[in-house]
Amino acid sequence: LFTRSADLKVHHRVHTNERPFECHICSKRFTSSGDLKRHTRTHTGERPYQCQLCPSAFARSDDLKSHLRTHTGETPFECNLCGKQFTQSSSMLKHKRRIHDHQMSPQFCKKQFKWITSLKMHSRIIHTNERPFKCDICSKRFSQACDLKTHTRIHTGDRPYQCQQCPSAFVESGALKKHLRSHTGETPFQCDLCGKQFTDSSNMSRHKKTIHAQETSL
DNA sequence: CTGGGGATGGGGCCC
DNA sequence: GGGGCCCCATCCCCA
């Protein structure tokens, strides 16, 4: 969507890798004369952009702009995972890689939350309903890495939790635990209104919602 | 050793 | 064509 043919022409060089402008000092090549001109100042040391608040001067206007934030204290770049703010987008990205990358890995689980930063992130995610963990296969999103890890087994067919008494196997430990009660006949969940016993807590709450709906609403 | 601050410089888009 | 602006990685520095 280039509004000008000249811009399209320059953009086209991105695909053709055409670089018509060569630095006469280091022979490095560029797609536009502007890029070459900007590059040339790395050789000449020319710094036309003077900070009005301190003796620093810069080769580029955007460098000066970024520098000015060291005076204003402005931090426009926010980490979307922990809310920490930064003066430069690079610093923010570096932070995300350093701090959050391992938290995105399948090995990282809520059971391992033990650092204050992780706890902060955890609490933020829970309260904002943020879902930073995306399944590469079906795009479903999760709030926690361990939930994604469990979910991924749906695609891989991996069922690490094998019942020792029958061929059934499960993607998560809770499902196996629940299944085992079908063998033992254990009914650990009891309705506090009528005493009826259940193998499963969700079955019990469904029972309460349907059978005892009137009583509980009173 | 870790992690943020700040500078540098290349890529690309837009006017 | 020139230049502003934003993206980003990388570097050095420092607590």
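Chain A is the first sequence line, chain B the second, and so forth, proteins listed ahead of strands; every chain is numbered from 1. Side chains included, hydrogens not; waters and symmetry mates left out as well; all remaining heavy atoms used.
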Measure all distances between protein nitrogen or oxygen atoms and nitrogen or oxygen atoms of nucleotides 12-15 of chain C, and list the pairs falling under 3.5 Å.
none

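- Looking at A:Arg47, its side chain never comes within 3.5 Å of a backbone N or O of A:Ala59 through a donor-acceptor pair.
- A:Lys65 has a side-chain polar atom (N or O) that falls below the 4.0 Å cut-off from OP1 or OP2 of C:dC6.
- Protein atom CD of A:Glu74 is 14 Å distant from nucleotide atom P of B:dG5, rounded to whole Å.
- Annotation: proximity of residues 30-43 of chain A to DNA chain C (heavy atom, distance under 4.0 Å) is found for A:Ser33, A:Lys37, A:Arg38, numbered in ascending order.
- Applying the side chain to side chain donor-acceptor pair (under 3.5 Å) test to residues at least two apart or on different chains, the pairs with a partner in residues 55-64 of chain A are A:Arg60-A:Asp62.
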Dot-bracket summary - DNA chain C, pairs being Watson-Crick or G-U whose distances fall under 3.5 Å, with | when paired to another strand: .||||||||||||||

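- Summarising the geometry, the separation between CZ on A:Arg97 and P on C:dC7 is reported as 15 Å, rounded to the nearest angstrom.
- Taking the side chain as every heavy atom from C-beta outward, A:Cys23 and A:His43 approach each other to under 4.5 Å.
- Within the 4.0 angstrom heavy-atom criterion, only backbone atoms of the sugar-phosphate kind lie near A:Arg47; the bases stay farther away.
- The side chain of A:Ser91 places no N or O atom within less than 4.0 Å of a non-bridging phosphate oxygen (OP1 or OP2) of B:dG4.
- Hydrophobic cluster of A:Leu36: the remaining members, joined at side-chain heavy-atom separations below 4.5 Å, are A:Phe21, A:Phe30, listed by chain and number.
- Within the nucleic acid shown, A:Phe77 comes within 4.0 Å of sugar-phosphate atoms alone, with no base atom in reach, counting heavy atoms only.
- Taking the side chain as every heavy atom from C-beta outward, A:His39 and A:Lys28 approach each other to under 4.5 Å.
- Taking atom OH of residue A:Tyr49 and atom P of nucleotide C:dG2, one finds them 13 Å apart after rounding to whole Å.
- As rounded to whole Å, 11 Å separates atom P of B:dG3 from atom CZ of A:Phe86.
- A:Thr87 has a side-chain polar atom (N or O) that falls below the 4.0 Å cut-off from OP1 or OP2 of B:dG6.
- Side-chain atoms of A:Arg19 stay outside donor-acceptor range of the base of B:dG11, with no qualifying N/O pair under 3.5 Å.
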With a 3.5 Å cut-off and sequence neighbours excluded, list the donor-acceptor pairs that the side chains of residues 81-88 of chain A form with protein atoms.
residue: A:Gln85; atom: OE1; partner: A:Thr75; partner atom: OG1; Å: 3.4

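- Rounding to whole angstrom units, CG of residue A:Leu8 and C1' of B:dG12 are separated by 14 Å.
- Comparing atom distances between the A:His95 side chain and each of B:dG4, C:dC7, C:dG4 picks out B:dG4 as nearest.
- You'll find that the side chain of A:Ser89 is closest to C:dC8, out of B:dG10, C:dC8, B:dG9.
- For A:Glu74 and A:Arg69, the salt-bridge test fails: no basic side-chain N is under 4.0 Å from an acidic carboxylate O.
- Among the heavy atoms of the strands, none lies under 4.0 Å from A:Arg69.
- Side-chain contact between A:Glu46 and A:Pro48: present, with at least one pair of heavy atoms (C-beta onward) separated by less than 4.5 Å.
- Closest approach to the A:Arg60 side chain among C:dA9, B:dG10, B:dT8 is made by B:dG10 (side chain taken as heavy atoms from C-beta onward).
- Distance A:His67 NE2 to B:dA7 P: 6 Å, rounded to the nearest Å.
- Among the protein residues, A:Thr70 comes within range of the sugar-phosphate backbone only, with heavy atoms under 4.0 Å from sugar or phosphate atoms but none that close to a base.
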